[in-house]
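Inspection log for the structure reproduced underneath, given as structure tokens.
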Amino acid sequence: MHSSTERSGRTGRPRSVEADAAILGATRDALVELGWSKLTLGDVATRAGVAKTTLYRRWAGKNELVVDAVAVLFDELELPDLGSLAADVEDVVLQFARLLERPETRTALMAVVSESTRDDALRARIRSSIVERQKRLVLEGRQRAQERGELPVQSDDEAAARTADLIFDVVAGAVVHRSLVSAEPVDRAWAASFVRLLLNGLTHV
């Protein structure tokens with residue numbers, strides 16, 4: 001449990017976890033109501049009940065703030081232990097889809113991805129704050145599957161890292177496309193079919 005006076009990476013006044021949570025929640029609410037172009041740090045500060053200077057002590061600007069507001073939502077994803085790799089992956093896929101159904105997740109994610117096409121620094125922050133953090137699910141799931149004997153152990157660390165990247169890209173890409181681009185449901189039947197394809201390949205679907 002973090003204390004309410006946990007410090008950020010910057011020096012200065014201790015950060016308040018409660019204030020951060022209020023700010024990030026206000027950011028997501030403002031995005032849903034106003035959209036990216038009309039969102040301002042002043043509006044977020046008002047909604048969160050904090051001074052505007054409080055935001056600037058924590059975030060350099062809107063890009064960083066919105067990415068962090070999205071990132072904490074993805075931190076809610078958890079890897080279950082359901083006894084098999086297929087069951088574990090299917091559960092995470094369904095968790096991810098439910099998360100993308102929430103207006104604040106969908107709006108914030110689409111906004112930052114759209115803006116990142118014109119902003120290399122924003123793209124890098126998305127990768128470090130969201131993508132790299134959520135690869136923990138792939139790494140934990142693969143290790144557990146290896147311990148069960150469901151997956152072989154890759155002795156080459158570079159090859160193992162490339163495999164983890166590929167797994168993450170395939171899972172995240174498929175669920176995001178299905179949910180946000182195609183606007184089709186990610187239900188249990190779809191998730192089960194997707195996991196069979198992921199684990200067995202086209203020749204065994």
Next item on the list: Check the pair Leu94, Asp187 against side-chain contact (heavy atoms from CB on, under 4.5 Å), reporting the backbone distance first and the verdict last.
Entry: CA-CA 7 Å; Leu94 292 172; Asp187 54 21; 5.7 Å; no
Item checked: Pair Val66-Trp36, side-chain contact (heavy atoms from CB on, under 4.5 Å): steps then yes or no -> CA-CA 9 Å; Val66 173; Trp36 178 278; 3.7 Å; yes
Next item on the list: Tell me, with the steps shown, if Arg28 and Leu73 meet side-chain contact (heavy atoms from CB on, under 4.5 Å).
Entry: CA-CA 10 Å; Arg28 294 188 295 268; Leu73 295 177; 3.4 Å; yes
Notebook entry, point to check: Does the pair Lys52 and Thr40 meet the rule for a side-chain contact (heavy atoms from CB on, under 4.5 Å), with working shown?
Noted result: CA-CA 10 Å; Lys52 190 174 179 180; Thr40 67; over 6 Å; no
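Without hydrogens or angle criteria, Thr105 side chain to Leu99 main chain gives a donor-acceptor distance under 3.5 Å. Formation of a donor-acceptor pair under 3.5 Å by the Ser129 side chain with backbone atoms of Ile126 is not found in this model. A distance-only check finds a donor-acceptor pair linking the side chain of Thr117 to the backbone of Ser114 [under 3.5 Å].
Rounded to the nearest 0.5 Å, atoms OG (Ser179) and CZ (Arg98) are 11.5 Å apart. Atom CG in Leu137 sits 8.0 Å away from atom CD in Gln95 (nearest 0.5 Å). The CG atom of Leu39 sits 11.0 Å away from atom CG of Asp29, with the distance rounded to the nearest 0.5 Å. A distance of 3.5 Å separates CD in Gln154 from OG1 in Thr163, rounded to the nearest 0.5 Å. Between Phe194 atom CZ and Arg178 atom CZ the span is 11.5 Å, to the nearest 0.5 Å. Separating the CZ atom in Arg144 from the CG atom in Leu139 is a distance of 12.5 Å, to the nearest 0.5 Å.
Between Leu122 and Glu64 there is no side-chain heavy-atom pair separated by less than 4.5 Å. Residues Trp59 and Val67 have side chains not in contact (no heavy-atom distance under 4.5 Å, counting atoms from C-beta outward).
Asp88 and Gly83 make their closest contact through OD1-N, 4.1 Å (heavy atoms, listed as atom of the first residue, atom of the second, distance). When all heavy atoms are compared, the tightest approach of Ala164 to Arg142 is N-NH1, 3.8 Å. Annotation for Arg133 and Val72: closest pair NH2-N, 4.2 Å, computed over non-hydrogen atoms. Here the closest non-hydrogen pair linking Ala87 and Ser84 is N-OG, 3.1 Å. In this structure, Val44 and Ile23 approach most closely via the heavy-atom pair CG1-O, 3.7 Å. The two atoms that bring Leu100 and Leu180 nearest to each other are O-CD2, 4.1 Å, heavy atoms only.
The number of heavy-atom neighbours closer than 6.0 Å to CZ of Arg188, taken from other residues, nucleotides and ligands shown, is 12 or below. Within a 6.0 Å sphere centred on CD of Glu78, other residues, nucleotides and ligands contribute 12 heavy atoms or fewer. For Glu76, the CD atom counts as densely surrounded, since its 6.0 Å shell holds more than 12 non-hydrogen atoms of other residues, nucleotides or ligands.
In summary, Glu132 and Arg127 engage in a salt bridge, as defined by a charged side-chain N under 4.0 Å from a carboxylate O. The residues Arg123 and Asp119 are annotated as not salt-bridged, no charged nitrogen and carboxylate oxygen being separated by less than 4.0 angstrom. Between Arg148 and Asp81 there is a salt bridge, with a side-chain nitrogen of the basic residue lying less than 4.0 Å from a carboxylate oxygen of the acidic one. Ion pair Lys62/Glu115 not flagged as a salt bridge, since none of the NZ, NE, NH1 or NH2 atoms sits closer than 4.0 Å to an Asp/Glu carboxylate oxygen.
Leu31 pairs in a side-chain contact (heavy atoms from CB on, under 4.5 Å) with only one of the listed residues (Thr107, Val70, Leu109), which is Thr107. Test Val195, Leu79, Val138 against Val92 for side-chain contact (heavy atoms from CB on, under 4.5 Å) and you get one pass: Leu79. Arg58 pairs in a side chain to side chain donor-acceptor pair (under 3.5 Å) with only one of the listed residues (Asp20, Thr53, Asp68), which is Asp20.
Clustering ILVMFWY residues whenever any of their side-chain heavy atoms sit less than 4.5 angstrom apart, transitively, puts Met110 in a cluster other than the one holding Val32. When the side chains of ILVMFWY residues are joined at heavy-atom separations under 4.5 Å, either directly or via intervening members, Leu166 and Ile130 end up in a single hydrophobic cluster. Criterion: ILVMFWY side-chain heavy atoms under 4.5 Å apart, direct or through other members. Under it, Val112 and Leu34 are not part of a common hydrophobic cluster. When hydrophobic clusters are built by joining Ile, Leu, Val, Met, Phe, Trp and Tyr residues whose side-chain heavy atoms come closer than 4.5 Å, directly or via intermediates, Val170 is grouped together with Val89.
Sequence neighbours left out, the pairs with a member in residues 87-120 that pass ring-ring contact (aromatic ring centres under 6.0 Å, His included) are Phe74-Phe96.
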